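Reading through the structure tokens given below for one structure.
All of these numbers come straight from a predicted model, not from anything done at the bench.
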4 protein chains.
Amino acid sequence: MGGTTMDGTKRQRRGDTRQRIQDVALELFAEQGYEKTSLREIAERLDVTKAALYYHFKTKEEILVSIFEDLSRPMDELIEWGKAQPHTLETKQEVLRRYSEALAGATPLFRFMQENQATVRELSIGTQFKDRMLQMRDIIRDPDASLTDQVRCISALFTMHAGMFVLQEMEGDPSDKRKAVLEVAIDLVTQAHSGAPS
Amino acid sequence: MGGTTMDGTKRQRRGDTRQRIQDVALELFAEQGYEKTSLREIAERLDVTKAALYYHFKTKEEILVSIFEDLSRPMDELIEWGKAQPHTLETKQEVLRRYSEALAGATPLFRFMQENQATVRELSIGTQFKDRMLQMRDIIRDPDASLTDQVRCISALFTMHAGMFVLQEMEGDPSDKRKAVLEVAIDLVTQAHSGAPS
Amino acid sequence: MGGTTMDGTKRQRRGDTRQRIQDVALELFAEQGYEKTSLREIAERLDVTKAALYYHFKTKEEILVSIFEDLSRPMDELIEWGKAQPHTLETKQEVLRRYSEALAGATPLFRFMQENQATVRELSIGTQFKDRMLQMRDIIRDPDASLTDQVRCISALFTMHAGMFVLQEMEGDPSDKRKAVLEVAIDLVTQAHSGAPS
Amino acid sequence: MGGTTMDGTKRQRRGDTRQRIQDVALELFAEQGYEKTSLREIAERLDVTKAALYYHFKTKEEILVSIFEDLSRPMDELIEWGKAQPHTLETKQEVLRRYSEALAGATPLFRFMQENQATVRELSIGTQFKDRMLQMRDIIRDPDASLTDQVRCISALFTMHAGMFVLQEMEGDPSDKRKAVLEVAIDLVTQAHSGAPS
DNA sequence: CATGAATGAGGATTCATTCAT
DNA sequence: CATGAATGAATCCTCATTCAT
């Protein structure tokens, strides 16, 4: 597929239609939801025909899948890395720090995933995403800790997740807010670590 | 056609159709999402025609609105109560306790609201729900506290929210889990209260 | 039907629902057209249920039919009278004068008939109305006259018809306008009469 | 399904679907009225699916609008021409002559417009059509003339309009009838011109 | 690479009508 | 006299998808 001269940054300037489709699609998906975004709409924004989309993607779902796969790679790598580390507090804190960055790098996707859970659940990426969240959870929490401490860890994760979107509506410098969110999350994990097992 | 022999099973249900529509609709909305649930599906489950739904509700959206209004009243009352109290730590803790109960009493609705944010956003209830969340936020947080402490308060809210659904997938007694979630939330608010202003 | 004490003006003050239905229906039919006016709309305006309409009329069409029959009686009588007279110019002029009054007394109905010809054509009253128009034509025109003179007579009729509605949009006193229309119509018939046979 | 063996009958029709839709639609609209003609019916007659109609036209109304725009252009041009001429009797007579031709060239459309006034009134073309009629009126009549003479001019217009359809039911050669109608119309305008101002 | 034309399945909604109470 | 509840058939319209060119 896609025969071009190998100049190192191949496929950058040329058949960028595929990329543009993904960009527009993600924008619309995040804004209006997956179901309410029609291929017609995407095509119109790109000023191509619907049929053109089908040249690049077999189905509507495949567009979403491809976006997901491209953008969630950093998160995947983070999980891989986290699993290879010792389950120390320091690891967990570092995981949170890196997760904060991963989230920031793919805000629209995560916003989409969060706001379209019901839809995404029956799509192939639904399971994938859930699996990753569970893996994150298992890196962060300690199965032998008290229920409360486990909740703290999970809460740390959700705090970061939700923080991204809810805090957008508060005044203040975005990077300050991100720092605050991260701080609270790290705090939660740290507290969980110093708790007594149930 | 449609013929169900009058064996009492159907006879009993008379006059409660409106309620039954709401019940089935909420179940399906929560399970599959609002967009993916068709009125045909709801009607079929109730063994009535689509047109019957329109006797009781003017539009699909109105079904959802009516469910929302009925089920979110306790939350409304809680907010009313919370706003009338002094903004002390004790009030906040009590609000969280009551919120925990309100959530438990309307789990499917809250699950729906959380998993269908994208859809709900352009529906009339979207704004209402968001408003309520912001009011809860303003009861719980202290606008003069440090950013971090404000995040703690918001995190307390989301912990409870998310807790409801995410923890369903963990082993353990449901009421234990609810208690743990509440504890973490109260903890967060308490910590926020003892922090120094920024 | 409708047993009440015979006080001479029976059924005037009491079961006037039937009458009210007709009034509202005609108003709406004339305003929006027959197809676009739903029984729901009529019922709502009267603040009764749709089912109530069915107590008074068997079908939607019957409402229209009943209106038509009640309001077009004067026109019927005019035709009867006209047919019994000698076919002189004076008769025709008098017919036009009386027609002018008949039209004025049932403006909304005639407006409706004119603006809903396509719909009315397949309704029972369609044929009736057309028949009456043809009878009017045959009273007014002389089959032995030249084509042109026949057209003059028919034109006289249509002038009066259309005049009712089109002239509403011109400035000037309504009764002056009606007089002008009648004058032109009478003129046309008079001219037709003095013409030479083809 | 739908299977028509490729025997040429269908093959020929390619690319002209849009036109065929307009043709069939106008035919049905004129015959049964706009409301009573369903897209299903149009599609069935053309042996395509309803969705195919939507490929060519955005809405049912747009089908009608497109027909109207295509077919009423001659009338538009006539108005343009008429407005540019001096307001002499000769101009008016010529306008009527040309109008007669314009009407003949778009009989089904004008029949439709006349028989569906109630429907058309709330459609976008309703206003357009009315505007054109008023412009025609203003070309033909003299605002300083007596009311009666103004009615004569308007009557001339309606005579031509109505003539088209009513006369179809009279015996006689069509072109003879058209000539007679035109003669009466011209007569009316001519009389109006020789009248004394009110 | 992309379009023009079309489809089949399904969506929400509206309507005239019925009937037991 | 009138209503409450329901139906069956139809409506316009939208969508993801296909395929010959």
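A heavy-atom distance below 4.5 Å is found between the side chains of C/Leu26 and C/Leu71. No side-chain heavy atom of B/Ile67 sits under 4.5 Å from any side-chain heavy atom of B/Asp23. Using a 4.5 Å heavy-atom threshold, the side chains of B/Arg121 and B/Thr127 count as separate.
Within residues 27-41 of chain C, the residues approaching DNA chain E are C/Thr37, C/Ser38, C/Leu39, C/Arg40, by heavy-atom distance under 4.0 Å. Less than 4.0 Å separates DNA chain E from no heavy atom of any residue of residues 118-125 of chain D.
Residues A/Val48 and D/Val48 each lie close to DNA chain E; by heavy-atom proximity, the contact nearer the 5' end of the strand is made by A/Val48. Map D/Lys58 and A/Ala51 each onto its nearest nucleotide of DNA chain F; the residue landing nearer the 5' end is D/Lys58. Comparing C/Lys50 and B/Lys50, the nucleotide of DNA chain F nearest to each residue sits closer to the 5' end for C/Lys50. Between B/Glu61 and C/Thr59, the residue whose closest nucleotide on DNA chain E is further toward the 5' end is B/Glu61.
Between B/Glu27 and the options B/Arg45, B/Arg20, B/Arg111, a salt bridge (charged side-chain N to carboxylate O under 4.0 Å, His left out) holds for only B/Arg45.
Nearest heavy atom pair, residue B/Glu62 against residue B/His56, reads OE1-O, 4.5 Å. The two residues C/Ser66 and C/Gln22 make their nearest non-hydrogen contact at OG-NE2, 2.7 Å. Scanning all heavy atoms of the two residues, the minimum distance from A/Asn116 to A/Gly33 falls at OD1-CA, 3.2 Å.
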Checking side chain to side chain contact (heavy atoms under 4.5 Å, CB included) for the pair A/Ile63/A/Leu39: CA distance, chi angles, key distance, verdict?
-> CA-CA 10 Å; A/Ile63 298 182; A/Leu39 295 187; 4.1 Å; yes
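Contacts of A/Phe29 classified as ring-ring contact (aromatic ring centres under 6.0 Å, His included), with partners at least two apart in sequence or in another chain: A/Tyr34, A/Phe112. Looking at residues two or more places apart in sequence or on another chain, you find no salt bridge (charged side-chain N to carboxylate O under 4.0 Å, His left out) involving B/Lys50. For the ring-ring contact (aromatic ring centres under 6.0 Å, His included) test, no residue two or more places apart in sequence or in another chain qualifies with C/Phe68.
If you take NZ of C/Lys60 and C1' of E/dT18, they are 17 Å apart, rounded to a whole angstrom. Spacing between atom CD1 of C/Ile21 and atom P of F/dA2 amounts to 8 Å, rounded to whole angstrom units. In this structure, the CZ atom of C/Arg18 is 16 Å from the C1' atom of F/dA2, given to the nearest Å. Whole-Å rounding puts the D/Arg20 CZ to E/dA6 C1' distance at 13 Å. Per the geometry, CD1 belonging to D/Ile42 stands 14 Å off C1' belonging to F/dC13, to the nearest Å. Straight-line distance from the CG atom of B/Leu53 to the P atom of E/dT14: 13 Å, rounded to whole Å. Summarising the geometry, the separation between CG on D/Leu46 and C1' on E/dT7 is reported as 15 Å, rounded to the nearest angstrom. Atom-to-atom, NE2 of B/His56 to C1' of F/dT3 comes out at 14 Å; the value is rounded to the nearest Å.
Taking side-chain N and O atoms only, D/Tyr54 has a distance below 4.0 Å to OP1 or OP2 of F/dC13. For E/dA5, the OP1/OP2 oxygens have a side-chain nitrogen or oxygen of D/Tyr55 closer than 4.0 Å. OP1 or OP2 of E/dA6 has at least one side-chain nitrogen or oxygen of D/Thr17 nearer than 4.0 Å.
Spacing between E/dC1 and F/dT21 at atom C1', rounded to whole Å, works out to 13 Å.
The pair A/Lys36-A/Glu41 does not meet the salt-bridge criterion, since no charged nitrogen lies less than 4.0 angstrom from a carboxylate oxygen.
The side chain of D/Thr49 sits closest to E/dT7 out of F/dA2, E/dT7, F/dT7.
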Under the 3.5 Å Watson-Crick or G-U criterion, the dot-bracket string of DNA chain F, with | for inter-strand pairs | .||||||||||||||||||||
